[in-house]
> 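Below are the structure tokens for one structure; questions will follow.
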Amino acid sequence: MLEVKNLSLHYGGSQILYDVDLSAQAGKVTCVMGTNGVGKTSLMKAISGTHPRSGGSMRLDGEDVGKAPAHELAHKGVASVPQGRMIFPLLTVKENLESGFTCLPKSEHFIPDEIFELFPILKEFMHRRGGDLSGGQQQQLAIARALIIKPKLLLLDEPTEGIQPNIIQQIGRVISLLRDRGDMAIVLVEQYFEFAYDLADQLVFMERGRVTSSHEKSEISKEDAAKVFRIA
């Protein structure tokens, strides 16, 4: 579903990413891991089109997307849940969800029942402002909003950050359900090792803006993965 080759990225005169290769398959969770500052969020911004790549290529579902910006990639099926959630605090839950309609034909401008099956609390809070929700509820809203566009590729950047344990468990269950549907690739950036390893089908480790190793989960034990994670 996603194939990135030799991706590089700059902020002004500073190079942040160096020749990154990454692939993600439909029906699998690809987890990008590493300590703070290694370039994980920058990689997600480059893939989602919210920060232009300096070099390299990217293919989505076999199509070369060039350096398409975020709104074009969203129309092609790339949905991003950024670090910090970035919901609209003054809009209601319903209005936040409806903001995803811009990527859909008019005939699909409705909120699918599946959204409320995955996140029941959102149905209860439809007319509550996004800014009045707890952090965990905002994270559920951010993921639900991303799912409105029926993505081929779902990017999740630190979905457990600042979230209470029971919501973390629910988010983990949702990611598993989405993976098992088999119709989207999921790229997960995560610092919570236990959460990431349990969900991952593929583990990608980064250090100083580079991918240092990539493993199918079946190829690396939890203990060895934890060692690499602490080194990365």
Side-chain angles (χ1 to χ4, degrees), residues 1-5 20-33 40 43-44 46-49 57-65 68 70 72-82 97 100-101 103-105 107-120 122-123 139-160 167-190 192-205 211 214-220 222 225:
M1 188 61 75
L2 172 71
E3 186 176 14
V4 171
K5 291 284 189 184
V20 171
D21 291 347
L22 180 76
S23 62
Q25 298 178 37
K28 292 189 176 182
V29 175
T30 299
C31 188
V32 181
M33 304 179 74
K40 304 185 302 297
L43 176 59
M44 299 292 263
I47 294 172
S48 67
S57 64
M58 184 171 119
R59 300 182 72 84
L60 179 69
D61 201 13
E63 176 190 358
D64 187 342
V65 297
E72 289 184 18
L73 290 175
H75 279 277
K76 293 178 184 294
V78 178
S80 177
V81 181
L97 294 172
F101 290 172
C103 296
L104 299 172
S107 61
E108 296 180 25
H109 285 193
F110 60 90
I111 301 169
D113 290 341
E114 181 196 33
I115 294 296
F116 303 121
E117 292 167 5
L118 294 172
F119 302 108
L122 297 183
K123 190 168 188 177
Q139 188 64 276
Q140 292 177 77
L141 175 57
I143 297 172
R145 181 181 60 184
L147 295 177
I148 288 288
I149 75 167
K150 302 175 182 177
K152 298 177 181 178
L153 173 65
L154 178 63
L155 307 173
L156 299 168
D157 192 356
E158 302 277 10
T160 69
I167 302 296
I168 289 175
Q169 291 175 0
Q170 183 181 1
I171 289 172
R173 287 193 294 270
V174 168
I175 294 171
S176 293
L177 286 168
L178 295 173
R179 183 254 316 278
D180 293 345
R181 281 191 343 198
D183 60 355
M184 75 173 73
I186 300 171
V187 178
L188 169 67
V189 163
E190 188 52 65
Y192 180 8
F193 176 79
E194 295 285 338
F195 179 85
Y197 186 84
D198 287 347
L199 285 170
D201 297 290
Q202 182 180 18
L203 295 156
V204 177
F205 294 95
V211 170
S214 180
H215 312 264
E216 292 295 321
K217 185 175 177 178
S218 58
E219 298 172 347
I220 185 168
K222 189 172 185 177

> Shortest non-hydrogen contact from P151 to M184?
O-CB, 3.5 Å
> Supply the atom-to-atom distance M58 CE to E3 CD, rounded to the nearest 0.5 angstrom.
11.5 Å
> Going by an N to O cut-off under 4.0 Å, is there a salt bridge joining E194 and K222?
yes
> Before giving the answer on side chain to side chain contact (heavy atoms under 4.5 Å, CB included), spell out for V187 and L43 the whole-Å C-alpha distance, their side-chain angles and the decisive distance to 0.1 Å.
CA-CA 11 Å; V187 178; L43 176 59; over 6 Å; no
> Looking at every heavy atom in both T30 and S23, which two are closest together, and how far apart are they?
OG1-O, 3.7 Å
> If every non-hydrogen atom of S48 is compared with every non-hydrogen atom of L155, which pair is closest and at what distance?
CB-CD1, 3.7 Å
> Can you find a pair of side-chain heavy atoms, one from M44 and one from V32, that are under 4.5 Å apart?
no
> Using every non-hydrogen atom in the two residues, find where C103 and I149 come nearest and quote the distance to one decimal.
CB-CG2, 3.9 Å
> Mind listing the closest non-hydrogen atom pair of L199 and G172 along with its distance?
CD2-O, 3.5 Å
> Take L22 and V211 through the side chain to side chain contact (heavy atoms under 4.5 Å, CB included) test and state the conclusion after the steps.
CA-CA 8 Å; L22 180 76; V211 170; 5.7 Å; no
> With heavy-atom distances below 4.5 Å as the criterion, would you say the side chains of Q139 and V81 are in contact?
yes
> Indicate yes or no: does E114 engage R181 in a salt bridge with an N to O separation below 4.0 Å.
yes
> A side-chain contact here means heavy atoms from C-beta on lying under 4.5 Å apart; do E158 and K40 qualify?
yes
> Run the side chain to side chain contact (heavy atoms under 4.5 Å, CB included) check on Q202 and H215 step by step: do they pass?
CA-CA 6 Å; Q202 182 180 18; H215 312 264; over 6 Å; no
> Evaluate whether atom CG of D113 has more than 12 neighbouring non-hydrogen atoms of other residues, nucleotides or ligands under 6.0 angstrom away.
no
> Under a 3.5 Å distance rule, please check whether E219 uses its side chain to pair with a backbone N or O of E216 as donor and acceptor.
yes
> Measure the spacing between CG of L97 and CZ of F119 and express it to the nearest 0.5 Å.
10.0 Å
> Of all the heavy-atom pairs spanning L203 and M33, show the shortest one and how long it is.
CD2-SD, 3.6 Å
> If I take atom CD1 from residue I111 and atom CG from residue L147, how far apart are they, to the nearest 0.5 angstrom?
12.5 Å
> Answer whether the closest heavy-atom distance between the side chains of P112 and I148 falls below 4.5 Å.
yes
> Rounded to the nearest 0.5 Å, what's the gap from CG on L188 to SG on C31? Could you check?
4.5 Å
> Rounded at 0.5 Å granularity, tell me how far CG in L2 sits from CD1 in I186.
13.0 Å
> Taking only residues two or more places apart in sequence, or in another chain, which ones meet H109 in a side chain to side chain contact (heavy atoms under 4.5 Å, CB included)?
F101, L104, K106
> Within the 4.5 Å heavy-atom criterion, are L153 and D61 side-chain neighbours or not?
no
> Using modelled atom types and a 3.5 Å cut-off, is there a donor and acceptor pairing between side-chain atoms of K217 and backbone atoms of Y197?
yes
> What's the spacing between R173 CZ and L118 CG if we round to 0.5 Å?
11.0 Å
> Side-chain contact test, heavy atoms from C-beta onward, threshold under 4.5 Å: evaluate it for E190 versus P159 and give yes or no.
yes
> Please assess D201 against R179 for the test side chain to side chain contact (heavy atoms under 4.5 Å, CB included), listing each intermediate value before the final yes or no.
CA-CA 10 Å; D201 297 290; R179 183 254 316 278; 3.0 Å; yes
